[in-house]
Structure formats: C-alpha cells, structure tokens
2 protein chains.
Amino acid sequence: MGVGRITIEDVAAAAGVSRQTVTRAMNGMPEISARTRELVLRTAAELGYRPSRFASNLAARRKSRSVGLVLGSLRNPYYTELAAELLDVVAPRGWHVLMASREQGDDVELVAALSGQADAIVGYFTGDETALVTAARGVPLIQVERAATVPGLHAVVLDFDAAIEALLGELRDRGARRFGLIESGGPPGEEGAGAYRPTRRRRAYERFADSDSAGRVVVADESIRGGADGLARLRAAHPGVDTVLVFNDLMAMGAMQQAQLDGVAVPGDLRVVGVDGLSLGAVMTPPLSTLSIDRRAVATEAADIVGTLLDRAEPPPHPPVVRTVTPRPLWRESA
Amino acid sequence: MGVGRITIEDVAAAAGVSRQTVTRAMNGMPEISARTRELVLRTAAELGYRPSRFASNLAARRKSRSVGLVLGSLRNPYYTELAAELLDVVAPRGWHVLMASREQGDDVELVAALSGQADAIVGYFTGDETALVTAARGVPLIQVERAATVPGLHAVVLDFDAAIEALLGELRDRGARRFGLIESGGPPGEEGAGAYRPTRRRRAYERFADSDSAGRVVVADESIRGGADGLARLRAAHPGVDTVLVFNDLMAMGAMQQAQLDGVAVPGDLRVVGVDGLSLGAVMTPPLSTLSIDRRAVATEAADIVGTLLDRAEPPPHPPVVRTVTPRPLWRESA
DNA sequence: CTTCGTCCCGTGAACGTTCACGGAGACGCT
DNA sequence: AGCGTCTCCGTGAACGTTCACGGGACGAAG
C-alpha cells in the first residue's frame, strides 16, 4: 500500500473498522453509531479518500443513465437552448447529460470519447455514418436534422423542404421577389478546413426558389461576423436582392447589423429572415423574423427515442427509429 | 438467464466462444481472426448486448475524469459561454463535462445527483455550504463567484467590489450622477419562490454608490422580460435616474428594449450598463456597455483547481483553494 | 522427428464497491 | 436464569468487465 489508489479498505483499516461500516458512514446509512460515523468520516477526509464511482455504480446495480449531447457550438444559443430543453426533459427522469461540442474535435472522435461514459448519444453529426456507428461501440446514436441511413443510427429529422417551401411562399405573399441566401460554410473557425458540403437548408432553398434566386448564394462563417460578412458579399454580387434568407439567427443578427452599417433599411429596403427562432431575435431592432425550430419538440422526440431504445429488453430495433419536426415561420418586424 | 441484463458471458455462450474473445471483438483488439470477430459482433447485435460502462471502466483502471457543471440557467448565454470555455479547457485533457442547471432543482439535490457521476463539481451555488459539501460525498466542490468558507469547498471568486467601484468611477467621469440598479431576484421562474437574498453585486453597488443612488434599487426576474419590467418600475419610482446598472446583460437587453418602447434615448437620456460581457451585446442598437467577466479566466482557474485537487496524492488540501477574477468595464455606445 | 515461432483462443484473478446475511453484546421483562 | 428485542458491526459473495498468463494447433526450419 501507499502506492495506487486509496480504497475503502485503507480507510477501514485506518479507522479500525470494516468495509461495510465505512460504506454506512460515507453514504449516510443507518445501523451505525454517531461516534463511529464521525470517526470514519474524519479518517476518510484525512486520507483524502474518494470512492470509485465506477465500482460503486457497478456494485449497487444502479440504473443511472446519462446521454451524451454533441452540438455544433456552445456559443450559439440555438444549440444551448436545445441543450436546455433536453435537460428539462431528461432531468426529471434522473438522467444526466454529457456535453460535447464539435468545436473541439471530429464527430467520430467525440462519439468515441463519449461512448465510454454515456448510455446513448444524441447530436448534430456531419461525419460518416458508418464510422460514427462503429465509434459508438454499441451505444445508440440519435442524429438530429439529418436522416439516418445505416442500422444503429436513429434520427429526429428537421423537414426543411416543407419548411422552406412554406416560408418562401409566405414571403412572396408579402411582396418578396428577388431572394438571396447566406449559407453556412461550417462551424466557426473551420474556415476552409474541411471540404464544404451544401447543407440541407441550401438544397431546399435552391429547390423551391425561382431559378434566378437559386443562384444568389454566398457561403459564410457560422457566426455573427460571418453573417455580416456574408451580407456584404451578397449585396455586392447581387445588388437587386430584396429578401435575404440566412442560415441561422446568429448569422442573421450579424447580417442585420451590417445592413444597418451600410445604411440599408430593414425591412424597408431589405427583408431579413433567419432560422432557429432564438428569443434574443426579439430584442433586435427591428425584431428578427425567423424560421423557428421547436427545440422542445426535438428534445422530447430525442429523449423518447433514447428511452425506447434503452428500455427495450432483448430485441434490437432494426429499422432505425425516425421522428420528424417541421420548422415554422415566426414573423417579426424584419420581414 | 433471460431475466436481468445481457452480459458479456451471454454473448460468449451464444457465439460459442469465451469472454475474452468477445472483449477482443467488441474493442477492436488484435489476436482474433476476422471470422470470429464478425461472428461475435453479429451475435452481440442480435442479442442487443451493450457493455456495462461501469464494469468496463473499473476493470480497465481507466482514469477517465468528468467534472460536473452546475449553472444558473442554460438559457442565459453567459452561463453557456462559460460552459464553452470550460469545455475548451478540459476537453484537450480528455475530461468530460456533465451539465446541470439550477432551473431544474435545488443546488444540493443537483450536487447529490452529480456526485455519483463526476469526479469534481464546479458551479454557481446559492445553497448552504455545509449542506453542499455533505451532498458531494467527498467529491471536491469549486464554487464560482461566492467565496468559500467551509473545508471541502473551493472557489473562483469574482471581485465585484473592486469591479463596481471602478465602474462607478468611470461612469461619473462620463457625467453620470444619478444611478439606479436593477437587481436579480433569482433564477427565472422562481418568482417569489425562495427568500430573496441580496446579491454580492447589489452589496457592492450600495457600498460604492452615493447614498441617494444606493436607495434606487428594484428587484426583477433574471430574464429579458424581467429586465424590461425592472426598468419600467425603476423609472416610475425614480424618474430622475440618468444611469442604470443592470444585474446581467440579458436583463440589460430587456431594459434597453423597454427604454426604446418608452421613447427614452440611450445613451442620450439614459445610460445602460450590464454585467457579463456577452458578445451579443455588441449587436444591439446601441451596442451594450458592460462589466465584462473573463469567462476564459474563470474556466481556466476552475479547471486548474480541479486538476490540483484530483492529482494530489494523499494529503487533503485543507485551506480551501481560492482564485480571484476581477470583472472589467467594456465600453460600448450605450453609456 | 524435433524445435521454434506465429496465430488464435481460453482461464483465473483482479478492479473497488454494495448487498444479504449472520452474530455479538446490551438491555428489559417475566 | 431464560428469552426476546434492539443496536451496532463484520464476512462472504456478488456486480460485469479487462488484464496477465498460458496453451493448443499449425507450419516452417533444423
């Protein structure tokens, strides 16, 4: 002894009692006198004893569940509000939530790291689906936004086709004619790091906009400053645009700020519409219109899939579980 | 068998191999033929086998560390940006982060729940310190903002005394004379739930403001709408105020919005200053001035304390470890 | 035919707790 | 004295995995 970890046995020996007595003292159980409890607690503190949570959970046969959450960024309120909703949904059931952000690593790496600590992982993934599943080592994966195509992967898909079609229609009703899109080039800071891949939002836009508008797309960094930069480039390349759709609200806020700097009146000269539905958009001047994603619904569906998967006794759920949430326009004064 | 959990032994039996072979297959280890690996993986999938992460971590003697993070709210970007910083700091070391929000439970309950899953817990606590420490069951607690007074509790304190004294001074230099404060009444939704206790920010304000100003305080909900409401009440009660200090940036944004609604020019008629230093404050019109808290520094110090505490061999750190971070004014156009 | 090496695979023994027992002593009552 | 009832405490045996070994089968080399 001396080397290695301080175990319950060390404490027991030092206090002159048995393992079980130490357990009773540490966990506040009955069948122990106040005297010895005090003694044990003190010697435990003196030795710097910290119980092994792994041994403890194993022996106690606890069903403590924790779900990993892989987000695009913790600096974008959309993601963190989603996290908030998920926490609201699972905390009452006693589940824990492990956080990870794609800002600090590859999809697959994150999943691999989380797989040892979580019973299920939900998140925004962009990596190869097969690689993700193998990295998960058997823990169920629930993908948000993207559809799942391989076994072992389930999904809460966001129906941007329906949403953007509806949005463009309503915008036309409001007089919009010449659209433009500020598209995401990936997480902030990854400027040109990975290969750019068109997002589902862009695809939907190109599909449902008129052919002229479909060509008016600029790719920008997924941040406030990226949105500002995007708007400047979009207006430079396509001066006639009267309505700009932005990949997300954060970028849209940057775009609105830029418009203001350039002396462009919103919505008089230019309509701006974001995606996400951040409550902070309401305090902008003018308040930001947006394609709102029901984060509570996403969280609920995801948690539900996790529950189904984990409680299932023996048979594996072969056809991937898929739920759908459709974003809806939320009109405020910027459009 | 049949009842209870599916163990590695079940898979081994079903595949006609031994435990160790199953381990090798599941973890992608060598010393196994492609044939049997395939077989084992398939039967594992068919049985719906998911390894016990507790048993696994215990047997592998892994030093996987995870720190719990207790925040006031996940809907306030200040907290989530702090989380982002912490993640940035600890992720490279391979540590995990467990999230919890005071919106869904008492301090002490959260700590108790987390103590089984985390090796250390850092957070914004408001509850009784002794109760917190006992709930932690030996896992180290690091408290942010508040100073620690009991053994087992450590702290990263925010020096609002120094910060607010400096802030008020600089505001006076800019012509501010009649101050007012919008103070927090606790987390959103807890309207009148717990007993209101003056925050350290309020205490500092009352100490360093002139005696007239010290009396101009309203308590409001810790949210955008709370800030708006607070400003309305403050102006109604004290019409002559020319400068308002707000508990945090989120509330300050609400206050600015309310000022705009009421036709009060900022900063012409009224200066508004928040606390936190949110980057989103920069996109407000006018951009929000604020007492900026260096979240990176807070996260770094907290992680450092955790590291020190966990790597220490035997002796317990008796004098609580304390680090200090001082907020600094960040001037933008609202003041 | 022996010897050595390589490739697979299996068997005890950990890992550090908690659970289900069982038992010693103190005390009160008949 | 005998018996029952508390209160407090200790001893094997789990929990489900991985680690350190050891060993058989097979082919190549001597």
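Values below: every heavy atom of this structure, side chains too, minus hydrogens, waters and symmetry copies. As the structure is a prediction and not an experimental result, all values here were calculated from the model. Just so it is clear: chains get the letters A, B, ... in the order the sequence lines come, proteins before strands, and each one is counted from 1.
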Rounded to whole Å, how long is the line connecting atom CZ of B:Arg62 with atom P of D:dT17?
12 Å
Quiz item: A:Arg19 side-chain donor-acceptor pair to D:dG12 base, under 3.5 Å
yes
To the nearest Å, give me how far apart NZ (A:Lys63) and C1' (D:dG16) are.
13 Å
Give the residues of residues 22-36 of chain B touching DNA chain D, defined as any heavy atom closer than 4.0 Å, sorted by residue number.
B:Thr23, B:Asn27, B:Met29
Is A:Arg295 paired with A:Glu81 through a side-chain N to carboxylate O contact shorter than 4.0 Å?
yes
In whole angstrom, give the distance that lies between atom CZ of A:Arg50 and atom P of C:dC15.
18 Å
As an exercise, state the distance from CG of B:Leu86 to CE of B:Met99, rounded to the nearest 0.5 Å.
8.5 Å
Going by the angle between their ring planes, with limits at 30° and 60°, are B:Tyr124 and B:Tyr78 parallel, tilted or perpendicular?
perpendicular
Let me know the distance between OH of B:Tyr49 and C1' of D:dT17, rounded to the nearest Å.
7 Å
In this structure, how many angstroms lie between the C1' atom of D:dG16 and the CZ atom of A:Arg61, rounded?
11 Å
Just how far is it from atom CG of B:Leu141 to atom CG of B:Leu153, taken to the nearest 0.5 Å?
5.5 Å
Do A:Asp88 and A:Arg296 meet the salt-bridge criterion of a basic N to acidic O distance under 4.0 Å?
yes
Counting only side-chain nitrogens and oxygens, does B:Ser18 get under 4.0 Å of the OP1 or OP2 atom of C:dG10?
yes
Side chain of A:Glu9 only, please: which of D:dC9, C:dT11, C:dT17 is the nearest?
C:dT17
Rounded distance (Å) that lies between atom P of C:dT17 and atom CG of B:Asn57
14 Å
Please give, in whole Å, the distance from D:dT17 C1' to B:Asp10 CG?
13 Å
Between P of C:dG16 and CG of B:Asp119, the distance in whole Å
14 Å
Check the pair B:Asp10, B:Arg5 against side-chain contact (heavy atoms from CB on, under 4.5 Å), reporting the backbone distance first and the verdict last.
CA-CA 9 Å; B:Asp10 297 331; B:Arg5 181 186 193 109; over 6 Å; no
I'd like to know whether CZ of A:Arg93 has more than 12 heavy-atom contacts from other residues, nucleotides or ligands below 6.0 angstrom.
yes
Ignoring the backbone of B:Thr21, work out which of C:dC9, D:dG10, C:dG16 is nearest its side chain.
C:dC9
B:Gln20 side chain, from C-beta outward: closest of C:dC19, D:dC19, D:dT17:
D:dC19
